[in-house]
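Structure first, then comments.
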Amino acid sequence: MAERRRRRELRHQIPSVAPLLVGWLAGCTVLAAVAAQRTVAVEQLFLDAAFLTGEPWYTGVLSDLGVLGWTTATVAALGGGWVASQTGRPSAARFLWAAAAVSALFLADDLFQLHADLLRFVGLPKPARQLLVVVPAVVWFLRYTGEIARTRWVILAGALGGFGLSLVVDAVAPTTSTTALFLEDSAKLLGVLAWTQYMVLTSVDIVRSTIRDARAGAASRPAPLVGTSHGGTP
């Protein structure tokens, strides 16, 4: 199939300036807030944590891998949901968008230490703070059980198993034990990898299905009669 896209000239780039300005405005707002505050050193917000502490470059690399997994899962579900919404599959779109929201919450929890640190101000014990993060995922699972049954749910089961084991180790093992840390975070990382794989494959499967249905619908429509006017007279 020949390439249908053509080179965009400068005059065609002008409409893209608006979203660029919106993005820059949001970024400049954050940067202005950083410059105005006096609580946190600017270096702590801009520089890599390993560089600031003098630790080796690989410090926290497995935690970073988990963050990348959550990010990939979120983006995959958002993209798959958008395609589903554009091809007449609203239920699949809602399913994927809800999954993206759950993934984004887990991403924020890992990236900003929500239940472990930021949510301490609410005064709840750690198990209760963990529930604040976990409950949306449980609601998603119960709400979309029918949709999940049509996916590769065994991968999702693997993810839930990893997360469950991580929570159990965290609850019963001593916090100072290196072995407990290894088991807890290993189970969590395996859960993240399975969750990411599930979201990517599910999004791909749904996108393929919607595109296939759209093509089948287009092929089943009768072709217009060549040489026929709008009034039906040759």
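Residue numbers count from 1 along this sequence. Being a predicted model, the structure only gives us computed values, none of them experimental.
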For residues 98-105, dump all side-chain donor-acceptor pairs below 3.5 Å to protein atoms at least two apart in sequence or in another chain.
unit_1	atom_1	unit_2	atom_2	d
S103	OG	A99	O	3.0
S103	OG	W195	NE1	2.8

E43 versus L52, closest heavy-atom pair with distance: O-CD1, 3.6 Å
Correct closest heavy-atom pair for V40 and Q44 would be CG1-OE1, 3.5 Å
Closest heavy-atom pair, A84 versus T210, reported as atoms and distance to 0.1 Å, is CA-CG2, 4.2 Å
Treating T196 as the side-chain partner and G69 as the backbone partner, does any N or O pair qualify as donor plus acceptor under 3.5 Å? yes
Atom CD of E55 and atom CG of D48: how far apart are they, to the nearest 0.5 Å? 11.0 Å
W82 atom CH2, over 12 foreign heavy atoms within 6.0 Å: no
For A194 and I155 the tightest heavy-atom approach is O-CG2, 3.3 Å
Answer with yes or no whether the hydrophobic clustering places L45 together with V42; edges join I, L, V, M, F, W, Y residues whose side-chain heavy atoms lie under 4.5 Å apart. yes
For L96 and S203 the tightest heavy-atom approach is CD2-OG, 3.8 Å
Judged by atom type as modelled, is there a donor-acceptor pair below 3.5 Å linking the side chain of T71 to the main-chain atoms of V67? yes
Could you check whether any side-chain N or O of T59 sits under 3.5 Å from a backbone N or O of P56, counting only pairs where one atom can act as donor and the other as acceptor? yes
Separation of L193 CG from L68 CG (nearest 0.5 Å): 10.5 Å
Do L167 and V135 land in one hydrophobic cluster if side-chain heavy atoms of ILVMFWY residues count as linked below 4.5 Å? no
Between the CZ atom in F51 and the CZ atom in F46, the distance rounded to the nearest 0.5 Å is 14.5 Å
Stepwise, does the side-chain contact (heavy atoms from CB on, under 4.5 Å) test hold for L156 with T151? CA-CA 9 Å; L156 179 60; T151 65; 5.9 Å; no
What class does the angle between the rings of F106 and F163 fall in, given that below 30° is parallel, 30 to 60° is tilted and above 60° is perpendicular? tilted
CG of D185 to CG of L62, rounded to nearest 0.5 Å, is 8.5 Å
Atom pair OG1/CE of T72 and M199 - distance to nearest 0.5 Å: 12.5 Å
Do Y198 and L160 pass the side-chain contact (heavy atoms from CB on, under 4.5 Å) test, and can you show the C-alpha distance, the side-chain angles, and the key distance before you say yes or no? CA-CA 11 Å; Y198 174 78; L160 298 179; over 6 Å; no
Are V154 and F141 linked, directly or through other ILVMFWY residues, by side chains that come within less than 4.5 angstrom of each other? yes
Would you give the length of the straight line joining atom CG of L165 to atom CD of E184, rounded to the nearest 0.5 angstrom? 9.5 Å
So if you build clusters from Ile, Leu, Val, Met, Phe, Trp, Tyr with side-chain heavy-atom gaps below 4.5 Å, do I206 and V75 land together? no
Any idea which heavy atoms bring R38 and A35 closest together, and the distance? NH1-O, 2.7 Å
Okay, side chain of S85, backbone of P90: is any donor-acceptor separation there less than 3.5 Å? no
Check the pair D170 / K188 against side-chain contact (heavy atoms from CB on, under 4.5 Å), numbers first and verdict last. CA-CA 11 Å; D170 181 47; K188 179 181 176 181; over 6 Å; no
Are W153 and V192 grouped together when hydrophobic residues (ILVMFWY) are joined by side-chain heavy atoms under 4.5 angstrom apart? yes
Decide if the gap between the ring center of F95 and the ring center of W140 is smaller than 6.0 angstrom. yes
